[in-house]
Amino acid sequence: MSWIDVADLNDIPLPGARVVKTHFGDIGLFRTGEAQVFATSNACTQDGGPLSEGIVHGTRVACPIDNSVFDLETGALLGTGEGHLQTYPVRLDGTRVLLERESVLARGAA
Amino acid sequence: MGKKKLVVVGAGMASGRALEHLFEAEPGEWDVTLFNGEPRGNYNRIMLSPVLSGEKTYEDIVIHDDAWYAEHDVTCRFGEKVVAIDRDAKTVTGEKGDVAYDKLLIATGSNPFIIPMPGHDLDGVIAYRDLEDTNRMIDEAAKPGAKAVVIGGGLLGLEAAAGLQLRGMDVTVVHLMGHLMERQLDEAAGYLLRKELVGRGINVLVSTNSKQILGEDGKVRALELENGTELPCDLLVMAVGIRPNTALATEAGLACGRGIHVDDAMVTSDPNILSVGECIEHNGAIFGLVAPLYDQAKVVAQTLIGEEAAFAQKELSTKLKVTGCNLFSAGDFAEGEGREDIVFRDPARGQYKRLVIEDNKVIGAVLYGDTADGNWFFGLIKDGTDISEMRETLIFGPAYQGGAAVDPLSAVAALPDDAEICGCNGVCKGTIVKAIGDGATDIPALRATTKASASCGTCTGLVEQLLEVTLGDSYAAPTAQPMCGCCDHTHEDVRRLIKAKGLKSQAAVWQELGWKTVNGCPTCRPAVNYYLLADWPLEYQDDPQSRFVNERRHANIQKDGTFSVVPRMWGGMTTPDELRAIADAADKYNVPTVHVTGGQRIDLLGVKGEDLPNIWADLNAAGMVSGHAYSKGLRTVKTCVGKDHCRFGTQDSTGLGIKLEKKLWGSWTPHKVKLAVSGCPRNCAEATCKDIGVVCVDSGYQIGVAGAAGMDVKETERLADVATEEEAIELATAFMQLYRENAQYLDRPYKWVAKVGLDWVKERVVDDLEERKRLNEAFELSQSVYRKDPWAEHTDKPEEFAPVADLTQIAAE
Ligand SMILES: Cc1cc2nc3c(=O)[nH]c(=O)nc-3n(C[C@H](O)[C@H](O)[C@H](O)COP(=O)(O)OP(=O)(O)OC[C@H]3O[C@@H](n4cnc5c(N)ncnc54)[C@H](O)[C@@H]3O)c2cc1C
Ligand code: HEM
Ligand code: SF4
Ligand code: SF4
Ligand code: FES
């Protein structure tokens, strides 16, 4: 696997999120612990709300528009309703945050 | 027979306790002369750290005041050192003269160790031992931009560093060993502690040796490390250890090792001279914590009155007195043969627990993060309890033994007797528990006997829990709706407990009130963040990550993820220049929609997130600030044009509106607050359906509160009629503050007033002038932090609003 350096840990509020722009839409980088980051698609599956603007709690985020709660580890929508966020492999190298290259670039090339 | 003459050298914590025991056992029989090097009597040295951090004052930590010494006929010679002892003549020589003794008690404590490296005698190099050191640190920290270096990452050094940092200093800790507090903590706990301190902004260097202290004009300038790095500083605190203060005893020819040798009865090698405290050596051990000193003090008093007593060394436990750093250590936790560890880690919570077991007994414990069970483990260590039966669940503490679940009442049960339960009537837990014991076994009876919960009623939940805790199963409290699934408390209880327990951080709330989640949920975290900032405006720092998007972005998010921007127009007044600047901004940032709001403001809708800091900068440049159209705080003060222009106008309604808005803007409240001022009862500004509405009349101002015009429509209720603008502003402010202090998060004023009753509000805001003054002062104090433009704080950090990376610029392979 090859990795692409996208951010420094310290640029992501704790607990909080930042956005990475890609060809196929925004990815949310969610920091849930000192050295714990998850990456998922940023749009709420229900009404499209930008999840990176939601309240990050535990390893979950609540949509700022409709309060849908997602598990950041699996991307699953919690509670009632159907929906799944795309998740992306993340790796930390010291304080650098890396995303897996293929998964975040491939679809853009297509 | 005359009184027995006792001379005491050193008025510290050990001799102070010994004197208490002595006077209790033989009141009036002793003629005591008490010398002290420090120019004061006995105070709680341990509490210097809270004094340094500003949580306490010196007055709070005095143990014996002048009255106490007078009551016990103690001749105080404070600020005077004893320079010699003549054992043959049985006299001591103070700086101002001699005194004879029958018995002499040496309690000279210890001296901080100063590493004799070059520069150690420069001005600004201090130890951390007494009030003078503490005051020096407070003074240095008050200088803007001051920097401090603390050498030593043990208990004292870290308490000094945390205190200095809280006072705004830039602090670096330099520690020789590989992890902090290596004498009390193992590596894992040392790591967590370091992480906590670094997270607060303290620099921590471990495995670092110092070379010399550099000075300029006789004053410290920097610390040079062995690797050549220079750490600039205006203050250098050396906290590298203490040495028993034996100078006087050695001089007098008493047997000394590291400390003054004493036997089990605390007698030195001279039968008429006793010694107690940090200056002694007992069976090869010396002491640096108060618990054993207090045991010694008891023994020395018994020896003085001729009773047999023997001091025995016990296990010790340590806690760090840095607010928010929870750590506990006791016993022996070195790894060794035949020893086993039980370790529990919860990285998400930053918790670490380790028990060291030998022969089915706990011999050591290190806890970090959650120290609630520290004393229980310490008890197991001291008692040598056989733990083989409970081994599996031991690490989870006493609550798990026997399978009992964690008790939701434990937070209330754990409150000390003097914790205030009812804020209105100042009734503490002790009072209530006593009243319950005396037969007041339900709420009405408690209200009648103690007044607890008899006023605003917000403490009722806690009083009910006290009934439950005190009476056990025979009292069934009505079940109240908890705040959310994360905890068992109602909003009211959480607000009260934050005040009663002095909880000043989210971590403290989670920990102390038994939150079941790591850091709350979107329901409770914004509420707790608000309660903390409202109760501790200076101590607690608002946490944007605990706010809904609008308050974090200082703009309202729209359905499509864009934002709306509303500049403030004081009292609904604007100028051609402001309008031009708004029009220019709308053009420049391609704002699709411009709307005039119901609160007399202009709303620019459809601004992209990353443009926010730039449009704010443009509006700031034209003199406009955030209109807080997004906040649970003061929104708008709407006005009519009033008597300057309207023929019906009775007062300057716009002028008052502007004054009110300038006073109240920026403040956070449980929910949004809207005001209006109408110039006459025709009420063109619709003041009678606002949270606070003023209607001007010939005789002055009618102040109404608790109106609503949303899902519910409700006319305001009359708070008071006043004659002057000043009074109108004072009452509006007091009402705001009372609401800020008491309402549940997301209750608009009309809902809150319905719960507590308008009469209760009037009593405080209108009738009780002292309370009205206090409310105004508390509001101003909070405003000293929050009356500022949040936009201006973000215009220089536009990158925070932009994507952290843009991968559309990178081609796929
Ligand atoms: C900042 C700080 C935090 C601490 N925190 C804790 C804690 O959390 N837990 C804990 O258990 N312990 C703590 N300690 C340690 C505790 O304060 C000491 O163990 C205790 O105060 C020692 O008591 P003492 O009576 O032996 O000596 P002291 O309290 O030091 O009293 C000795 C007194 O003797 C006077 N004296 C000395 N020589 C002479 C002389 N020749 N003539 C006249 N007077 C003389 C000195 O001026 C001094 O006032 C802390 C200490 C400090 C400095
Ligand atoms: C260890 C500390 C304390 C204990 C054990 C304690 C206990 C008591 C007791 C037994 C009473 C008398 C009740 C009666 O009249 O029947 C009382 C009254 C009272 N206490 Fe405390 N108290 C303590 C500290 C405090 C503190 C720190 C405060 C203030 C913050 C306080 C505020 C009051 C008030 C206002 C009353 C009168 C209540 C009333 O009758 O209206 N107490 N307390
Ligand atoms: S409220 Fe009265 S003073 Fe104000 S504009 Fe209307 S009529 Fe005039
Ligand atoms: S009235 Fe309803 S639709 Fe209109 S702005 Fe308010 S909340 Fe939105
Ligand atoms: S706090 Fe007890 S009645 Fe108000």
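Reckoned from all heavy atoms, side chains included, excluding hydrogens, waters and symmetry mates. In what follows, every chain begins at residue 1, and chains take the letters A, B, ... in the order their sequences are listed.
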Original post:
Which residues satisfy the side chain to side chain contact (heavy atoms under 4.5 Å, CB included) test with A:A7, sequence neighbours excluded?
Top reply: A:L29, A:V97, B:V804
Original post:
Is it true that atom CZ of A:R60 has more than 12 heavy atoms of other residues, nucleotides or ligands lying nearer than 6.0 Å?
Top reply: no
Original post:
What residues form a side chain to side chain contact (heavy atoms under 4.5 Å, CB included) with A:P15, not counting sequence neighbours?
Top reply: A:V56, B:N519, B:R525, B:Q545
**OP:** Find out whether B:P803 and A:R18 are in side-chain contact, i.e. whether some heavy atom of one side chain is under 4.5 Å from a heavy atom of the other.
**Re:** no
Subject >> Side chain / backbone / both / neither for A:T59 at chain B, heavy atoms under 4.5 Å >> reply: neither
Subject >> chain A contact via B:P544 - which portion, at a heavy-atom distance below 4.5 Å >> reply: neither
Subject >> Options B:R552, B:Q558, B:R547, ranked by heavy-atom pairs under 4.5 Å with chain A, top entry >> reply: B:R552
Original post:
So which of A:G33, A:G54, A:A62 has the biggest tally of heavy-atom pairs under 4.5 Å with chain B?
Top reply: A:G54
Subject >> Distance, nearest 0.5 Å, that separates CD1 of B:I557 from CD1 of A:I65 >> reply: 4.5 Å
**OP:** Would you check if A:I55 and B:S546 make a side-chain contact, meaning some heavy-atom pair closer than 4.5 Å?
**Re:** no
Original post:
Looking at CG of B:L807 and CG of A:D26, how far apart are the two atoms once the value is rounded to the nearest 0.5 Å?
Top reply: 10.5 Å
Original post:
Are more than 12 heavy atoms from other residues, nucleotides or ligands located less than 6.0 Å from atom NE2 of A:H84?
Top reply: yes
Subject >> Distance in Å, A:T22 OG1 paired with B:D806 CG, rounded so as to fall on 0.5 Å steps >> reply: 9.0 Å
